[in-house]
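First the structure, in the form of structure tokens, and then the observations on it.
Convention: sequence-line order gives letters A, B, ...; per-chain numbering from 1. The figures that follow rest on heavy atoms only: side chains count, while hydrogens, waters and symmetry mates do not.
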Protein chains: 2
Amino acid sequence: MSAHIFVVEDEKPIQTLLRYNLEKEGFKVSSSENGEEALSLIKEKKPDLILLDWMLPDLSGIKICQYLKHDKKVKDIPIIMLTAKGEEEDKVKGLESGAEDYLTKPFSFPELLARIKAMLRRVKPTAVNEEIIYLDLKVDRVAMKVYRQNKEVSLGPKEFKLLDFLITQPKRVYSREQLLEQVWGEDINVESRTVDVHITRLRQAINIDGSKPLIRTVRSAGYSLEN
Amino acid sequence: MSAHIFVVEDEKPIQTLLRYNLEKEGFKVSSSENGEEALSLIKEKKPDLILLDWMLPDLSGIKICQYLKHDKKVKDIPIIMLTAKGEEEDKVKGLESGAEDYLTKPFSFPELLARIKAMLRRVKPTAVNEEIIYLDLKVDRVAMKVYRQNKEVSLGPKEFKLLDFLITQPKRVYSREQLLEQVWGEDINVESRTVDVHITRLRQAINIDGSKPLIRTVRSAGYSLEN
DNA sequence: CAGAAGTGTTACAGATTTGTTAAATGTTTA
DNA sequence: TAAACATTTAACAAATCTGTAACACTTCTG
């Protein structure tokens, strides 16, 4: 669980509480107490999810929502709105202004956590699960370990990320370009042939004696986990 | 575990139950059945944490909260509010009035205990645990001592905090940034390489003859306790 | 079938990351 | 205040990882 959550909340106790609990869950947390600051920080840090308090000293939550949803770079980041009252009207406005979900204060943390996980599962499946298993292959994201047939196999950083990405959607074929973008990074300048080499290394690493190859090549398309 | 908890609760059975269970956990417990008395006792005894029932015969929980939060000497004592079910609005007021957390009655004791420990860990980490043991390594937070194979090893302050943090979730890999944030402090400006040096010293310190290394390096990711 | 295009694999130079030591600076304690 | 202890940074060696080129091999296309 390695998602980055941004908390916009001016009430210190609640902010502290949220930060503490979210970090305990393994999330990376950034926060801000006012709208202006939040806006610039969000654009800079690009979190995976935003918890947004409805009532803020300067900009209202609704305004922040609107700004964010009109900014191409951040408009896809899901927003969970936190409101003080169960006022239907606020809820409507909140959802209209682009918030993906909505929670009434005070809320129980487990309830919030459930919503967060649900949201992240939808938007960034890789961020939620700690252990992903496919056939006889297991990826433990917390311990950063990989097992094949219950035996640990050691991977280099790139190999790990590559497998970690491939296993989120087994059988799905990813192009070299997609893999470069997801595993290497957006603006990195690397030849697509490089992917091939790492696939080879990954194949060798997760190959236990005569076990199935597990990485499928799709000619002129890319690679997928499965075989 | 030597924290002092003050319980403000007018329902006798619940108070008894709380006292019994908390004492069994090793906490020192004081209590009061009405708000006036609670206020003066709290100022006198300065407990580490307050469990506050929302519904009291004389002063309401919210009033107590407000009084406490405006008194310099006790305003930093965390308050966990206990409310009856369905009093949504009350919870809002509770948090607004300064309570750090709240719990809806009826609650399970383990749940309450978890919240208490979480809260204390934040406010007064030394008061909470206990003893954490992982393999042949033992961290005694109260005595601030560390043992390997039942032999005490001496650590510097940073080394202790580092190990103390790592051991809370063995096998979990923490990035240097996470460690800096958790062990050094949020806005401290220190190079991430510093972590390496402390890890080295920690390794040397907890290394008894030919024992397992216990601290794993995950290249390009960070460190974890385990090996 | 021959050529073209796509892929697997290897080797290697260069880049990155980490372990460790030592020296400089800061902090506590007697 | 001096001595002891802690902390941070710099520096260098060692370990590991990475990207590319080169070549072999396979699959496709006409």
Side-chain angles (χ1 to χ4, degrees), chain A residues 144-146 152-166 173-207 211-227, chain B residues 144-146 152-166 173-207 211-227:
Chain A
M144 304 260 250
K145 286 184 172 181
V146 174
E152 186 179 348
V153 297
S154 97
L155 302 181
K158 278 268 154 39
E159 284 140 54
F160 182 86
K161 280 183 96 171
L162 189 53
L163 176 59
D164 186 38
F165 180 66
L166 287 172
V173 177
Y174 292 99
S175 70
R176 290 171 176 72
E177 285 66 35
Q178 286 176 305
L179 293 173
L180 281 175
E181 192 175 318
Q182 297 293 323
V183 177
W184 272 255
E186 198 140 14
D187 31 43
I188 283 289
N189 183 36
V190 171
E191 316 230 343
S192 79
R193 241 12 252 299
T194 298
V195 176
D196 299 14
V197 177
H198 282 272
I199 287 283
T200 294
R201 289 178 185 146
L202 180 54
R203 275 181 172 137
Q204 289 168 349
I206 64 174
N207 175 53
S211 55
K212 283 188 179 180
L214 273 197
I215 293 180
R216 178 169 71 115
T217 303
V218 181
R219 189 171 231 263
S220 82
Y223 299 97
S224 72
L225 189 70
E226 177 227 6
N227 222 330
Chain B
M144 302 262 258
K145 285 183 176 179
V146 174
E152 186 179 349
V153 297
S154 95
L155 302 182
K158 279 266 154 38
E159 285 140 54
F160 182 85
K161 280 183 95 172
L162 190 52
L163 177 59
D164 186 38
F165 180 66
L166 287 173
V173 177
Y174 292 99
S175 70
R176 290 171 176 73
E177 286 65 35
Q178 286 176 305
L179 293 172
L180 281 176
E181 198 173 314
Q182 297 293 323
V183 177
W184 273 254
E186 192 142 17
D187 32 44
I188 283 291
N189 185 36
V190 171
E191 314 231 344
S192 78
R193 242 10 251 301
T194 298
V195 177
D196 299 14
V197 178
H198 284 272
I199 288 282
T200 294
R201 283 206 283 267
L202 180 54
R203 274 181 173 137
Q204 289 167 349
I206 64 174
N207 176 53
S211 54
K212 282 189 179 180
L214 273 196
I215 294 180
R216 177 170 74 115
T217 303
V218 180
R219 192 172 229 261
S220 83
Y223 298 97
S224 72
L225 189 70
E226 177 229 5
N227 223 330

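For the pair A/L179 and A/L166, the minimum side-chain heavy-atom distance is below 4.5 Å. Taking the side chain as every heavy atom from C-beta outward, B/E177 and B/S192 approach each other to under 4.5 Å. Looking at heavy atoms from C-beta onward, A/L202 lies out of side-chain contact with A/H198 at the 4.5 angstrom threshold. Inter-residue side-chain proximity for B/I206 and B/I215 is flagged as met; some heavy-atom pair is nearer than 4.5 Å. Annotation: side chain of B/W184 is in contact with side chain of B/K158 (closest heavy-atom distance under 4.5 Å). In this structure, A/L180 and A/I188 have side chains that are not in contact, with every pair of non-hydrogen atoms separated by 4.5 Å or more.
In this structure A/F160 satisfies the ring pair (Phe, Tyr, Trp, His ring centres under 6.0 Å) test with no other residue, sequence neighbours excluded.
Residue whose closest nucleotide on DNA chain D sits further toward the 5' end, between A/R219 and A/L155: A/L155. Nearer the 5' end of DNA chain D, as judged by each residue's closest nucleotide, is the contact made by B/V190, out of B/V190 and A/G156. Map A/R176 and B/R201 each onto its nearest nucleotide of DNA chain C; the residue landing nearer the 5' end is A/R176.
Scanning DNA chain C 5' to 3' for nucleotides with an atom closer than 4.0 angstrom to a non-hydrogen atom of chain A gives a first and last hit of C/dA5 to C/dA11. First and last contacting nucleotides of DNA chain D toward chain A (any atom under 4.0 angstrom from a heavy atom, 5' to 3' order): D/dC17 to D/dC28.
If you check every strand for non-hydrogen atoms under 4.0 Å, B/Y223 touches sugar and phosphate atoms only. A/H198 comes within 4.0 angstrom of sugar-phosphate atoms only, judged by non-hydrogen atoms across all strands, and of no base. Note on B/T194: a base of the nucleic acid sits closer than 4.0 angstrom, heavy atoms only. Residue contacts shown for A/R193 include a base, since a base heavy atom lies under 4.0 Å away. A/T200 comes within 4.0 angstrom of a base, heavy atoms only. Within 4.0 Å (heavy atoms only), A/V218 reaches sugar-phosphate atoms of the nucleic acid but no base atom. Contact annotation for B/Q204: backbone-only contact, meaning every heavy-atom pair under 4.0 Å involves sugar-phosphate atoms and none involves a base.
Screening B/V173, B/L162, B/D196 for a side-chain contact (heavy atoms from CB on, under 4.5 Å) involving B/Y223 leaves a single residue, B/D196.
Remark: A/E159 does not engage A/R201 in a salt bridge, criterion side-chain N to carboxylate O under 4.0 Å.
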